Amino acid sequence: MYSHRNSLVCFLLLQVIYVMYGRKLIQSFIQSKKGFVAYVTVAYGFAYFTSKNVCTTVAVNGASMIPAINQYSKKSIVVVNLLKSSDRLKLRDIVLCHDPEEPGKYIVKRITGFGDQVISICESYSGKYSHKNGYVRKLTVPKGHCWVEGDNKAKSHDSRHFGPIPMSLIIGQVCFTLWEWPFYCTDIINVNEMLITLG
C-alpha cells in the first residue's frame with residue numbers, strides 16, 4: 001500500500017498545484033539544472049513522507065461497498081487519512097484495515113460498532129461468525145475491537161464472517177473517492193477479488 005507509486009501520485013498532484021498556484025514563486029528557482037533537481041528531490045521527498053504519514057491513495061475493487069464506493073465502476077482510487085487515530089473514529093466511518101485473515105493484505109469497510117456496543121445483525125446476512133458463535137441476531141463487540149461491514153451485505157466478506165477486529169488493525173479513514181476506473185490504472189494493493197478490499 002505504501003509503495004513508491006503512492007508517492008508518484010502525490011508528486012503529480014503537487015505538480016498540478018504548482019502549475020495552478022505556485023508557478024511564479026519558484027519558476028526562477030527551477031530554471032537552472034541544479035534548481036530543478038533540488039525541486040524534484042524536495043517535492044518527491046515531501047510526497048513520499050506525506051503518503052506514509054499523512055494521507056495516501058489506495059486502489060479499491062469489488063462490490064461490497066456499493067453504493068459508497070465503486071457504484072459506477074469496478075475499481076476506484078480513494079484517499080485515506082492516516083492521521084486520524086482510532087479513538088477519533090466514529091460510527092459509519094469507512095476505514096482501511098489490515099485483513100484479519102490474510103496478513104499483508106487489506107480491506108475497506110464501514111464501522112458499524114465499537115467495543116461494548118451491541119450489534120444487530122440481519123438474519124438473512126448473518127454470516128459464518130454469527131452462526132458459529134450462536135449470535136444470529138445480536139452480539140456485543142469486545143472492548144478494544146470494532147465491527148466492520150460492507151454496505152452491500154450480499155457481496156461483502158466482513159465481520160459477519162471473521163468477527164470483530166482489533167482497533168490496532170485500522171490504518172486510516174477513507175475520506176473520498178479521487179477518481180474511478182478506467183481513468184487510473186493501478187495495483188497499489190495486491191487484491192483478491194473475494195476477500196481483499198471490497199470482496
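Being a predicted model, the structure only gives us computed values, none of them experimental.
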Determine, stepwise, if the pair V118 / L139 fulfils side chain to side chain contact (heavy atoms under 4.5 Å, CB included). CA-CA 5 Å; V118 177; L139 60 85; over 6 Å; no
What's the verdict on side-chain hydrogen bond (donor to acceptor under 3.5 Å, both in side chains) for E101 and H161, showing C-alpha distance, side-chain angles and the deciding distance? CA-CA 10 Å; E101 296 182 311; H161 298 275; over 6 Å; no
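- Applying the side-chain contact (heavy atoms from CB on, under 4.5 Å) rule to P103 yields no partners; only residues at least two apart in sequence or on another chain are considered.
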Verify side chain to side chain contact (heavy atoms under 4.5 Å, CB included) between V80 and T56, making sure each step is shown before the conclusion. CA-CA 5 Å; V80 180; T56 189; 4.1 Å; yes
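- Rounding to the nearest 0.5 angstrom, the gap separating the CG atom in L91 from the OG1 atom in T112 is 7.5 Å.
- In this structure, the side chain of N81 does not engage the main chain of C55 through any donor-acceptor pair within 3.5 Å.
- For the atom pair CG (D99) and NZ (K105), the distance works out to 8.0 Å, reported to the nearest 0.5 Å.
- Not one N or O on the side chain of S64 forms a donor-acceptor pair closer than 3.5 Å with the backbone of S156.
- To the nearest 0.5 Å, atom CD1 of residue I94 and atom CG of residue D151 are 6.0 Å apart.
- Looking at S76, its side chain never comes within 3.5 Å of a backbone N or O of E180 through a donor-acceptor pair.
- Here the side chains of V78 and V108 are not in contact, with every heavy-atom distance at 4.5 Å or above.
- A heavy-atom distance below 4.5 Å is not found between the side chains of Q173 and L82.
- Note that OG1 of T177 is 9.5 Å distant from CE of M65, once rounded to the nearest 0.5 Å.
- The shortest distance between side-chain heavy atoms of E149 and R110 does not fall below 4.5 Å.
- Residue F176 is grouped with residue W179 when hydrophobic side chains (ILVMFWY) are merged at heavy-atom distances under 4.5 angstrom, including chains of intermediate members.
- At least one side-chain heavy atom of I171 sits less than 4.5 Å from a side-chain heavy atom of H98.
- Across N70 and V60, no two heavy atoms sit closer than the pair ND2-O, 3.2 Å.
- Under the side-chain contact (heavy atoms from CB on, under 4.5 Å) criterion, P100 pairs with I107, F162, I165, L169, sequence neighbours left out.
- Here the shortest heavy-atom pairing between R88 and L83 reads NH1-O, 4.0 Å.
- Residue D158 holds its CG atom at 10.5 Å from CG of N152, rounded to the nearest 0.5 Å.
- Contact annotation: the side chain of W147 never approaches that of Q117 to less than 4.5 Å [non-hydrogen atoms, C-beta and beyond].
- How far OG of S168 is from NE2 of H145: 7.5 Å, rounded to the nearest 0.5 Å.
- In this structure, V174 and V95 have side chains that are not in contact, with every pair of non-hydrogen atoms separated by 4.5 Å or more.
- The shortest side-chain heavy-atom distance between F114 and V141 does not fall under the 4.5 Å cut-off.
- Taking both residues in full, the closest heavy atoms of K138 and S120 are given as CE-OG, 3.7 Å, listed atom of the first, atom of the second, then distance.
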